[in-house]
Amino acid sequence: MDTYTVLLVDDEEEVIQIIMKKINWEEMGFSVIGYANNGVKALEMVEEFQPDVVMTDIKMPYMDGLELSYRIKTEYPGTKILLFTGFDTFEYAKEAVHLEIEEYILKPVNALELTRVFEKLKGKLDAEISEKRNVETLQNYYLESLPLLQANFYTTLIEGRIRQEELSKYLCDYQISFEGPCFCCLVVHTSASQGAGNMNPLLLSTAVQKQAQELLGEPWKAKSFSYLGNTVLIAQLDNESQTAELTDACDRFCSYVRRIIGAVVTVGIGQACGDILELAKSYSGAREAVSYRVIYGASRAINIQEIAPQEVSREDLQDEGEMAQLFKTIRLGREEEIPGEVDRYWSHISAMTSSPQQYHIRVMNLVSALYSFSVNHELAAEEFSGDVRKLYGSLLDLEPEQLKEWLQDTSRAFHRKLQSARSRSTQSFVSRAKEYVRNNYADGELSLDSICQALGVSNSYFSSTFKKETGSSFIGYLTDYRMERASRLLLETKEKSYIIAKQVGYTDPNYFSYVFKRRFGVSPSKYRAEHNKSE
């Protein structure tokens, strides 16, 4: 049982002593913490002890009971006040009502009446305490549940199941702030079969998630949560062009966790968007990017807009349905894997087909799925360039084995077209980089960062792609190009070395001479002298 504290205030001490003796305070659930003989002293004691109840006379020196009551109600509104006085004056009673005093008691104080007053007051205090505790319990439970509620909201958000009219309420209720103005989904996938020795996959994934929250979550104001076995982060960007910088940060993160905890981690980066309700598309893109690790390698960041812009559907990316695995093999697998996937798919539809009508529906669905795949991936497939209805009719005339063989041939053709499209895209990308070098090699500020900014890609993607296509790093290629230009200028002009150094992008002539000698084995002046002598 709760015990409540009482402060007695009266300028007549004998009145206070009588009141203290008339009530069995302990049995009532109260304890008298002290008494004061004027309002000023009483206020000091209220400030020090903050009693639950103050029982005060009205007529007192220095500060009367009404002023004391006013000060207590203003500064300690939870304190209950009982007024007792020998003056049955209407004005006093009126003021007591105005101050929301609990009881207005006339002297002399009757023990029975006073007991009744405190019993009533005890019930009121108990009810208030119980209500407060219930509210506090609910508040604590809510705060404890908040991370789970937030994670559930993020999951619903990336699934595209939040409506515009619901958004503000969710953000307010779950205490979530999205400053933006741009947003981007990251999917952090930890390989369960590679790296980290014999560490439990769940512990490994948890360790990666913690590192992701610290190294990516804080700098990018990202919301982090687990979903379908991966860590998902919703990063906040200043603008869409920051995705290149974000990709580089993710790439460094992958290298860091590989080095520190031995985890093989792939981070997929989705498309940037200006509305958080578009994050479902960004998440789909990030998840799609992770699947490309079979082509571009794991333990790195993969930005869906960099690696396969022509392969991103203009509609929501989907990987569900009966043909999902076959389509995945067409996009990401090896050509020799396609017949096996066609066999698997064919076994499935054969088992599900028990009538000619069902067979016709299956063929119709097959043609529709292949047509959508070709359109979404911008494949100029000859089979679908004409009347699709005629194609459907001609396929119905084929025997099941012939139709299966047609599906294999079509799938192989799609696979080759995608491979060719990737190759053309990469070659075009590298050609643009080489052209940029030809036009800007004299710029002393030309660097990996500046060319990536000009091309709108991340350093990690540019570096790996450029080296894969040319066999050289970008800095190595730039240096070779500058040295070739410098050697020609040394032979074709009479300019001094420091002038030529500046013309090919070197502000420091000594460093230019060092690089030149490392490339050709002799200093620029000796190179010029030897070649002029041979002529």
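Computed over heavy atoms, backbone and side chain alike; hydrogens, waters and symmetry mates excluded.
Shown here is K120, whose NZ atom has no more than 12 heavy atoms of other residues, nucleotides or ligands within 6.0 Å. Counting heavy-atom neighbours within 6.0 Å of Q17 CD, excluding the residue itself, gives a total above 12. By the neighbour-count criterion of 12 heavy atoms within 6.0 Å, atom NZ of K221 is densely surrounded, having more than that number from other residues, nucleotides or ligands. Enclosure of atom CD in E445 is not indicated, since only 12 or fewer non-hydrogen atoms of other residues, nucleotides or ligands lie within 6.0 angstrom.
Residues Y35 and E13 have side chains that bring a donor and an acceptor to within less than 3.5 angstrom of each other. For the residue pair S458 and E245, no side-chain donor N or O sits within less than 3.5 Å of a side-chain acceptor on the partner. For the residue pair E26 and S31, no side-chain donor N or O sits within less than 3.5 Å of a side-chain acceptor on the partner.
The pair D248-R252 does not count as a salt bridge, with every side-chain nitrogen at least 4.0 angstrom from each carboxylate oxygen. Using a 4.0 Å cut-off between charged nitrogen and carboxylate oxygen, K80 and E128 count as a salt-bridge pair. Contact check on R344 versus E341 returns a salt bridge, with a Lys/Arg side-chain nitrogen under 4.0 Å from an Asp/Glu carboxylate oxygen.
Taking CD1 of I276 as the reference point, atom NZ of K223 lies at 9.5 Å (rounded to 0.5 Å). Put simply, CD on Q175 and OG on S177 are 11.0 Å apart, with the number rounded to the nearest 0.5 Å. One distance of note links CG of L114 with CD of E119; it measures 10.5 Å at 0.5 Å rounding. Considering CD1 of I58 and CG of D64, their distance stands at 8.0 Å, rounded to 0.5 Å. Expressed to the nearest 0.5 Å, how far CG of N303 lies from SG of C184 amounts to 7.0 Å.
Checked against the 6.0 Å centroid criterion, the rings of Y283 and Y227 qualify as a close aromatic pair.
With hydrogens and angles disregarded, a donor-acceptor distance shorter than 3.5 Å links the side chain of T206 to the backbone of L202.
The side-chain heavy atoms of V40 and L43, taken from C-beta on, include no pair separated by under 4.5 Å.
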